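Just so it is clear, the structure is predicted and the values come from calculations on it, not from any experiment. By convention in this document, chain letters (A, B, ...) are assigned in the order of the sequence lines, proteins followed by strands, and residues within each chain are numbered from 1.
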Amino acid sequence: MKRGSKKPAKVSRAASSFEWDLRLYVAGPTLKSLAALRNLEQICEQHLAGHYQIKVIDLMKNPHLAQGDQIVAVPTLVRKTPSPVRRIIGNLADIGRVLESLDLQPHNFNGQY
Amino acid sequence: MRFLHPGKSFSVELLIYLSNFMTTTISKLKLKPLQKSPTGIRGLDEITGGGLPTGRPTLICGGTGCGKTMLAMEFLVHGAQAFGEAGVFMAFEETAEEITQNVVALGFDLKALIARKLLRLDYVHIDRSEFEETGEYNLEGLFIRLGYAIDSINAKRVVLDTVEGLFAGLPNQAVVRAELRRLFRWLKEKNVTVIMTGERGDGMLTRYGLEEYVSDCVITLDHRVVDQVTTRRMRIVKYRGTTHGTNEYPFLIDADGISVWPVTSVQLEHQASNERIPSGIDRLDTMLGGQGYYRGSSILLSGMAGTGKTSVAATFANATCRRGGRSLFFSFEESPSQLMRNMSSIGLDLQQWVKKGSLHFQTVRPFYHGLEMHLARTIKLITEFAPDVVIVDPISGLETTGNALEVKAALMRLMDFLKMKGITALLTDLTRAGNAVDRSNSDISSLVDTWLVVRDIELNGERNRGLHVLKSRGMAHSNQVREFFMSDNGVQLKDVYIGPNGMLTGSARMAEEARERAQQVSRHEELERQQLSLERKRIIIEAQIAALRAEFGVEEATTQRLITQEKQHSASLALAEAEMGRNRQRDVVKEKGTLALKNERKGGKA
């Protein structure tokens, strides 16, 4: 379904060149999934422009991927890099919490991590 | 009730079903009363009447370390190995490696099962510190994981160990509760048999109230410590749509995994055997109607310390093995080697039977496990060993494990079990000093069929043993006390001395016998003496008679001689008178006779 198709340019860049490797696990095109992706893209554009890639993984299509990243709840955002690995569950509506969890405090962020 | 007699009521069920729902599909018509999935765990299938409800969730709850995970794992492994049903184990607390390692001791090779697509382990790692909640979510990820695992191996069995990890790991409990409800509905739709484990809560079956999601079958496991001894117990709290055992059943976890030993039967339905089984002591057999005990009966042998109970018991075991039978000897006071050494002193070679495998000693002190556990172990061992004779030496050893009532109940169950199996049981019981010999400590005298009492007979500073049959159901038995010996040739019984001085045993018996012998001898001598004296009297009297006769003879002879002399004298006198007359030419007197008589009278006087 979504697979980050709204912003194909950002997603399609070579993985190795981005410091921020984010994966969003969803289960089908639910309202929660769509909201989560929208919120994530908004945050990334605002704070990590050009330094991130988002990979949307639909567990409905690829159920075998759930075990590897220890997915229980959906949507779950997994920050693969920079380490440590972070897991954020929910539709990412609480942007302040998301930023905190991702170590993206808005006040002193200068675009480079 | 309708599930109790599936065959009988099924057609009725079907009619009602058809009349009410004419539009029912064919698949729905195939509904059966209640299908059960066997767990393969010994005893559990018995008390659940066949296993856990197929296609429904079962809650296994209990405290830490009570065996929940193991029971769940066995359900899967047995399902895969014995019943061809693949299973998914979803762990929330232990990793797949840990779980695999944990069950190696039971001989379960999970890796092989996984390779054969009969098992799938999925470790769900939920750590609250790693989760940040930033909005709405659900647990669809878990559903997908589980669904994927089930579909990938076509699993019929699922274990969730334990979903409480979700409550601990996820901040929003309302979401978890709602999702769990959905999860169990979904699992029912997938028609998998589920075991969900749950930690015991305070005043509740489980800490997070999991029981509200599972309405079909709830089993509690318990690991209770009473008097520093732990006993594992299992109880089926609820099993919808079926009858089940309602008691608490002790269960074991050992090298063979979990086994439940439901030994609470209260029915007396065993078949009584007419076959007899010798006791190994010839005189005892003759006391018991000449043939020994009944096969399958229970024999109580009670007595004070040191009265030879163990020897009688070992003799019985030895005799059984010699006839080619199997004996199981529970010894709570002596180690096998000590027992064998001691018994060799009375000429019993038990070693040979142990080597042959027909005799087995079990020498675990009962308080090590607790009464229930001990009983369960005992019954497990009896089932495995299949003996003809079981010896428990002594049952007083069980009293260390519980109160009298519990011990009696346990013994009753053990004896019922043995009788059902047709196993002859010899139980020894130590009578405490001060107690009457005809009172067994455990009050099981009414339960036994044959009761032998070995007792001390103390007399003249000496202790001896006597044995008698206090009761023996269904056979003519001797009412006499026998003296009981232990010699190089084993246990022997002898008649006791019964005389005017009462019953005597030991050296008193021997002394009394000697005295009696001496008395007999002296009586005999007296008789001889009297005979002799009579003889002497006879001789004396005969001598006296001879003397008198001799005296008489002398007198007679003298008298005869006098008479003769007198006659001669008279004759010569007459001759001389006649001569004189001739000389004087005297005339002849006519009356010759008168004159002659006068002359004779004269002569006689001279």
Atom pair OG1/CD1 of B:T134 and A:I43 - distance to nearest 0.5 Å = 8.0 Å

message = Below 4.5 Å, heavy-atom pairs only: which of B:G147, B:G135, B:A149 has the largest tally toward chain A?
response = B:G135

remark   = If one checks every heavy atom of B:Y123 against chain A at 4.5 Å, the contacting part turns out to be both

request  = Can you see which heavy atom on B:V124 is nearest to which on A:Q70, and at what distance?
outcome  = CA-OE1, 3.3 Å

remark   = Smallest heavy-atom separation, B:E132 atom then A:S101 atom, equals CG-OG, 2.6 Å

key: Non-hydrogen atoms of B:G141 and A:A66 that approach each other most closely   = O-CB, 4.4 Å

query = Between A:A73 and B:Y137, which heavy-atom pair has the shortest distance, and what is it?
reply = CB-CD1, 3.6 Å

note = Closest non-hydrogen atoms of A:Q67 and B:R145, given as atom of the first, atom of the second and distance, are CA-NE, 3.7 Å

request  = Answer yes or no: does atom NZ of B:K188 have more than 12 heavy-atom neighbours from other residues, nucleotides or ligands under 6.0 Å?
outcome  = yes

note = Rounded to the nearest 0.5 Å, the CG atom of B:L139 sits from the CD1 atom of A:I89 at a distance of 8.0 Å

query = What option among A:L31, A:V74, A:D94 has the most heavy-atom pairs under 4.5 Å with chain B?
reply = A:V74

key: Test side-chain contact (heavy atoms from CB on, under 4.5 Å) applied to A:V72 and B:I144, B:N138, B:L166, the passing residue   = B:L166

query = So which heavy atom on A:R97 is nearest to which on B:E133, and how close?
reply = NH2-O, 3.3 Å

